[in-house]
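Excluded from the calculations below are hydrogen atoms, water molecules and symmetry mates; all remaining heavy atoms, backbone and side chain alike, are included.
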Amino acid sequence: MSIIKQLHWRYATKKFDVTKKLSVEKLDILKQAFNLTATSFGLQTIKMIVLENKDLRASLVAHSYHQKQVLEASHVLIICIQDNILEQDIIAYYNNIKSLRSTSETILKPYRESLVKTIEKMSVEERLQWSKNQAYIALGNLMTVCAIEGIDACPMEGFVNSKYDEILQLDKIGLKSILLLPVGYRAEDDMFSEFKKVRKSLEDTIIDM
């Protein structure tokens, strides 16, 4: 399979086929891809909600500027960030390294202490922005994986985050919604699927040195 061919194939799906659902296997690929996404320091201050519940999604359409993909897609992936980054998050991360790699405390301690100091110097707003940057990396990774797997998707920033957080009670688990990615399979009558991609030429976007 040509990755470039699949990237030409993908588009921001405007209309999903409501009769088609992603298989458990396809969903697992997306979950694994999210978890394997590169994050700064490997700290993973992001989480992903896989939302299938139709009643919940129906209640979210009005807070998504009435974009019907939220309801019509097979599932909606909601990329969230932690509402703060705490020292205990860093300790847990390095404990995980120690467990998986059997790395000695002597090696890990200076790195752990350095990261704790780095995070302590940040304001809460700076920590949130730092985590948001990781969320966009995850979105890009998921979109590419979707294209390779023949899964249609529509990346969305256009929704009322506070309403999503309220309806899904994300504050109770220390999360804030940042990005949406409805996923599924395009409807046959979605005319946008046949449109040619509009992109600048490589000469306008690539600089070889």
Side-chain angles (χ1 to χ4, degrees), residues 27-65 67 69-71 73-101 108-109 111-143 145-146 153-183:
L27 281 172
D28 185 63
I29 289 171
L30 296 181
K31 292 174 183 179
Q32 295 278 359
F34 176 81
N35 198 46
L36 289 168
T37 294
T39 60
S40 188
F41 295 104
L43 199 53
Q44 291 182 285
T45 59
I46 56 177
K47 290 185 184 291
M48 183 173 75
I49 296 170
V50 181
L51 182 58
E52 182 177 10
N53 185 291
K54 282 280 190 177
D55 291 334
L56 271 177
R57 287 198 276 156
S59 70
L60 293 169
V61 171
H63 308 298
S64 312
Y65 300 102
Q67 296 176 89
Q69 296 99 313
V70 170
L71 182 59
S74 172
H75 296 73
V76 176
L77 309 183
I78 305 173
I79 301 177
C80 305
I81 62 172
Q82 294 178 200
D83 59 13
N84 201 354
I85 305 171
L86 305 173
E87 181 177 348
Q88 65 195 46
D89 296 314
I90 298 168
I91 292 172
Y93 168 60
Y94 278 96
N95 285 342
N96 201 25
I97 294 176
K98 186 185 297 185
S99 173
L100 291 172
R101 297 179 178 173
L108 292 179
K109 183 179 179 181
Y111 289 101
R112 182 177 60 239
E113 291 178 347
S114 176
L115 184 52
V116 167
K117 289 179 181 177
T118 297
I119 297 300
E120 285 179 343
K121 290 178 182 177
M122 294 181 181
S123 66
V124 173
E125 290 73 20
E126 288 172 329
R127 295 174 195 176
L128 289 174
Q129 184 58 55
W130 184 74
S131 289
K132 285 179 183 179
N133 294 342
Q134 316 309 308
Y136 280 90
I137 295 171
L139 177 67
N141 189 40
L142 285 168
M143 290 170 64
V145 171
C146 281
C154 183
M156 291 183 180
E157 291 180 297
F159 68 104
V160 184
N161 310 67
S162 60
K163 287 295 184 181
Y164 267 68
D165 296 352
E166 177 186 336
I167 291 170
L168 300 175
Q169 300 183 13
L170 298 185
D171 60 316
K172 293 184 178 179
I173 51 176
L175 296 177
K176 292 180 179 292
S177 58
I178 297 297
L179 295 163
L180 305 181
L181 189 66
V183 292

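- Panel note: side chain Ser99, backbone Asn95; no donor-acceptor pair is recorded below 3.5 Å.
- Between the side chain of Ser64 and the main chain of Gln67, no donor-acceptor pair closer than 3.5 Å is present.
- In this structure, CG in Leu170 is found 11.0 Å from OG in Ser162, a value given to the nearest 0.5 Å.
- Side-chain N or O atoms of Arg112 include none that pairs as donor or acceptor with a backbone N or O of Tyr94 at under 3.5 Å.
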- Test Met48 against Leu142 for side-chain contact (heavy atoms from CB on, under 4.5 Å), laying out the working first. CA-CA 11 Å; Met48 183 173 75; Leu142 285 168; 3.8 Å; yes
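- Within 6.0 Å of atom CD in Glu126, more than 12 heavy atoms from other residues, nucleotides or ligands are found, so the atom counts as buried in its surroundings.
- Not counting sequence neighbours, the partners of Lys98 by the salt bridge (Lys or Arg N to Asp or Glu O under 4.0 Å) test are Glu105.
- The ring pair (Phe, Tyr, Trp, His ring centres under 6.0 Å) test applied to Tyr93 returns no partner, not counting sequence neighbours.
- Between the side chain of Gln44 and the backbone N or O of Thr39 there is no donor-acceptor pair closer than 3.5 Å.
- For Arg57, there are no salt bridge (Lys or Arg N to Asp or Glu O under 4.0 Å) partners two or more places apart in sequence or in a different chain.
- Annotation: side chain of Gln134 is not in contact with side chain of Phe41 (no heavy-atom distance under 4.5 Å).
- The main-chain N or O of Gly174 is never found under 3.5 Å from a side-chain atom of Gln82 such that the two would form a donor-acceptor pair.
- Across all their heavy atoms, Ile81 and Ala135 have their closest contact at CG2-CB, 4.3 Å.
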inquiry  = Using the rule given for side-chain contact (heavy atoms from CB on, under 4.5 Å), can you reason through Thr45 versus Trp130, listing the C-alpha separation, both sets of side-chain angles and the distance that settles it, and then say yes or no?
reply    = CA-CA 9 Å; Thr45 59; Trp130 184 74; 4.0 Å; yes
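- Summarising the geometry of Ile85 relative to Arg127, their closest heavy-atom pair is O-NH1, 3.1 Å, with the distance given to 0.1 Å.
- Interatomic distance, CG of Asn96 versus CG of Leu43, reported as 11.0 Å (0.5 Å rounding).
- Here the side chain of Asn141 pairs a donor or acceptor atom with the backbone of Ala33 at under 3.5 angstrom.
- In the displayed structure, Lys117 atom NZ is contacted under 6.0 Å by at most 12 heavy atoms of other residues, nucleotides or ligands.
- The side chain to side chain contact (heavy atoms under 4.5 Å, CB included) search around Ala138 returns Phe34, Thr37, Ile46, Ile79, not counting sequence neighbours.
- Asn84 and Asp89 get closest at one heavy-atom pair: O-OD2, 4.2 Å.
- Here the closest heavy-atom approach between residue Phe159 and residue Tyr65 is recorded as N-CE1, 3.5 Å.
- For the atom pair Asp55 CG and Leu71 CG, the distance stands at 9.5 Å (nearest 0.5 Å).
- Taking each heavy atom of Leu30 and Val145 in turn, the nearest pair found is CD2-CG1, 4.1 Å.
- Of all the heavy atoms in Cys146 and Ala153, the pair that sits closest is SG-CB, 4.2 Å.
- Considering only heavy atoms from C-beta on, Tyr164 stays 4.5 Å or farther from Leu51 through its side chain.
- Take Lys163 and apply the salt bridge (Lys or Arg N to Asp or Glu O under 4.0 Å) test, not counting sequence neighbours, and it matches Glu166.
- Residues Leu56 and Leu168 have side chains in contact (heavy-atom distance under 4.5 Å, counting atoms from C-beta outward).
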Next item on the list: Begin with the C-alpha distance, continue with both residues' side-chain angles, and end with the deciding distance and a verdict on side-chain contact (heavy atoms from CB on, under 4.5 Å) for Lys176 and Asp165.
Entry: CA-CA 6 Å; Lys176 292 180 179 292; Asp165 296 352; 4.1 Å; yes
Exercise for the section: Given side-chain contact (heavy atoms from CB on, under 4.5 Å), test Gln69 with Val76 step by step and report yes or no. Expected result: CA-CA 9 Å; Gln69 296 99 313; Val76 176; over 6 Å; no
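- Between the CD atom of Glu120 and the CD1 atom of Ile90 there is a distance of 7.5 Å, given to the nearest 0.5 Å.
- A distance of 4.0 Å separates SG of Cys80 from CD1 of Ile49, quoted to the nearest 0.5 Å.
- The distance from atom CE of Met143 to atom SG of Cys154, rounded to the nearest 0.5 Å, is 8.5 Å.
- Lys47 meets the side chain to side chain contact (heavy atoms under 4.5 Å, CB included) test with Leu175; sequence neighbours excluded.
- Exactly one residue among Leu180, Ile178, Leu179 makes a side chain to side chain contact (heavy atoms under 4.5 Å, CB included) with Ile78. That residue is Leu180.
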